[in-house]
Amino acid sequence: YIHPIADHPVLQAFSPAVREWFAASFPEPTPAQVQGWPHIAGGEHTLICAPTGSGKTLTAFLASIDRLTTTPRPEERSHRTRVLYISPLRALAFDIEKNLRSPLTGIGLAAERIGEPFVAPEVGMRTGDTPSNDRQKLIRRPPDLLITTPESLYLMLTSSARDTLRGVETVIIDEIHAMAATKRGAHLMLTLERLDEVVAAAGGTSPQRIGLSATQRPLEEVAEFLGGFSEPGVKRPVRIVDAGIRKPLEVEVVIPIEDMATLGQVNVELTPGPATAALTERRTSIWPSIYPEILQRILANRTTIIFCNARRAAERLAAKLNELAVDEGVPGMVDPATGEVLDELVRAHHGSLAREQRVVIEDRLKRGELRAIVATSSLELGIDMGAVDLVIQVESPGAVSRGLQRIGRAGHQVGEPSRGSIFPKHRGDLLEAAIVTRRMVDGQIESTRYLRNPLDVLAQQIVAHVAAVEECSVDEVAAIVRRCANFADISDELLHNVLDLLSGRYPSEEFSELRPRLVWDRINDRLRARD
């Protein structure tokens, strides 16, 4: 039996097993998939802009998965890794690795059912959490599809692991908006140009780049950032797929007190104790009113994510909500016989937690053992937290794009509305929250502009590149640098100033104690690493 959807025109570029699995798993392709797959399958550099929960990740991955499952593995170990997925978050990388198992298993079963050949691809992950012995295994036995972070890819290219990347054909950059306007983004794009050098040295062509994001404007600026330049003045063509149909939003700004003008006023209270301490000055706070409102919303929903703008605030809020749940007699929190606290309603989740703790917390939320998580930015980028009913933002998110990312965690499925509550902490915060909410509903996202010539990033990458290749010419370095959009217009003077700094030509004797990183042979115009 062949599913009717398997005959959908946009699926005809895929193998029968992939078509059969997709048809059995989804009612129909989403707009992002319908518009994106033809260009991705054609090998074009592609930027996909679509709302959260629109199947962007599968849009990027399916063509690569199809190619990996239908073609034999390269015999050379150094050409084994053909697909790179770059995530801005370690937790997101872990989540993608886990979620890839389902389609790979499903496609394998579909291939077996219809009698098609199937090559089971190996998926590997290399992040800051990866133990050193596992990193060595990745070098000895490279995976077909490698999931990594910008920093880990940079370190791989500066070590012996670079030889395992010679056969890369596709690079998928998730949540590209989170890096486009930052030095981290400039750093990543220079890393990709260095990757192009490794692939070209092995006789390959420049890998296809696929960028994914739910919040980015203008798309032309982000596309230029993604593609860079093939040579001076010639931009790499990037196909823009704008499936940016706004998801329905249900957002409320909650003020849990009668008058925010009274916040911060000093009240003198009588407290028991010595006469000198009987009068204690206390300032009115909004927090005692916020805690019950948030707890009420947590109990009214199955799964809630609460966002704070600081780790300390996340820890404090989680502790206060658990204390309040015990005081309110929430079922299951306290042993009725002994009065002992049995469980937690809420846990804090942020980047300072060890990977093992983060994984346990995320799994407990997905299984329904936790009713809520209080997170910082560690959960705002696309992590699949299961069916999240509500997102609560404490304090204005500060940006329309950030608000859309965070509120978009709720209803993270195709067609579902995203429900959110924003709790401002003071009057100025209320004004900003109201404006951000209005612009979120209207889809008026801030403009993104990538950085031009961040020289500290350039210095670090030049040192890494020269250390990896041992010796190269200044012209070769200039060519790599200028292919990156962030440095496309850098002048010879500015580039030579950076090389002066790295090779020890300092403007005065005050810098003489700084150790040079490179040797610049100015007669032959060659750069080499110092011993």
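Only heavy atoms go into these numbers, but all of them, side chains included; no hydrogens, no water, no symmetry mates. Bear in mind the structure is a predicted one, so any value in this text is a computation, not a measurement. Heads up: numbering here begins at 1 and tracks the sequence.
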Flag for Q461-T191: side-chain donor and acceptor within less than 3.5 Å: yes
R73 atom CZ, over 12 foreign heavy atoms within 6.0 Å: yes
Distance-only criterion, 3.5 Å: show the donor-acceptor pairs between side-chain atoms of residues 470-478 and protein atoms not counting sequence neighbours.
residue: E471; atom: OE2; partner: R526; partner atom: NE; Å: 3.2
residue: S473; atom: OG; partner: E476; partner atom: N; Å: 3.1
residue: E476; atom: OE1; partner: S473; partner atom: N; Å: 3.2

Got a sec, which residues hit ring-ring contact (aromatic ring centres under 6.0 Å, His included) with F487, two or more places apart in sequence or on another chain? none
Check side chain to side chain donor-acceptor pair (under 3.5 Å) between H45 and all other residues, then give those that pass, not counting sequence neighbours. none
Please step through salt bridge (Lys or Arg N to Asp or Glu O under 4.0 Å) for the pair R166 and E76, ending with a clear verdict. CA-CA 10 Å; R166 293 177 178 177; E76 293 183 55; 5.9 Å; no
Could you go step by step and tell me if V171 and I173 meet the side chain to side chain contact (heavy atoms under 4.5 Å, CB included) rule? CA-CA 6 Å; V171 178; I173 307 169; 4.1 Å; yes
Under-4.0 Å salt bridge between R19 and D66: no
Heavy-atom closest pair, residues M125 and T127: CG-CG2, 3.8 Å
Carboxylate-amine/guanidinium contact R452 D489, below 4.0 Å: no
Quick one: which residue pairs count as a ring pair (Phe, Tyr, Trp, His ring centres under 6.0 Å) with a foot in residues 118-162, not counting sequence neighbours? Y154-H187
Of all heavy-atom pairs between P29 and W37, which one has the smallest distance, and what is that distance? CB-CZ3, 4.1 Å
From CA spacing to verdict: side chain to side chain contact (heavy atoms under 4.5 Å, CB included), I361, I373: CA-CA 8 Å; I361 293 171; I373 280 182; 3.5 Å; yes
Measuring only between side-chain heavy atoms, which start at C-beta, is L145 closer than 4.5 Å to P121? no
Give a yes or no on whether a salt bridge exists between D144 and R80, defined as a side-chain N under 4.0 angstrom from a carboxylate O. yes
Please, which pairs that meet ring pair (Phe, Tyr, Trp, His ring centres under 6.0 Å) have at least one residue in residues 195-219, sequence neighbours excluded? none
Does the distance from a Lys or Arg side-chain N to an Asp or Glu carboxylate O, for R236 and D196, drop under 4.0 Å? yes
Quick one: list whatever passes ring-ring contact (aromatic ring centres under 6.0 Å, His included) with W21, sequence neighbours left out. F26
Residue pair R209, E193: steps toward the salt bridge (Lys or Arg N to Asp or Glu O under 4.0 Å) verdict: CA-CA 11 Å; R209 300 182 183 185; E193 297 303 338; 3.0 Å; yes
I want to check something: taking the side chain as every heavy atom from C-beta on, are V234 and F229 in contact at a cut-off of under 4.5 Å? no
Within the 6.0 Å centroid threshold, strictly below: F61 and Y85: yes
Salt-bridge test for R217 and E446: reply yes if a basic N is under 4.0 Å from a carboxylate O, no otherwise. no
L62 versus V18: any side-chain heavy-atom pair under 4.5 Å? yes
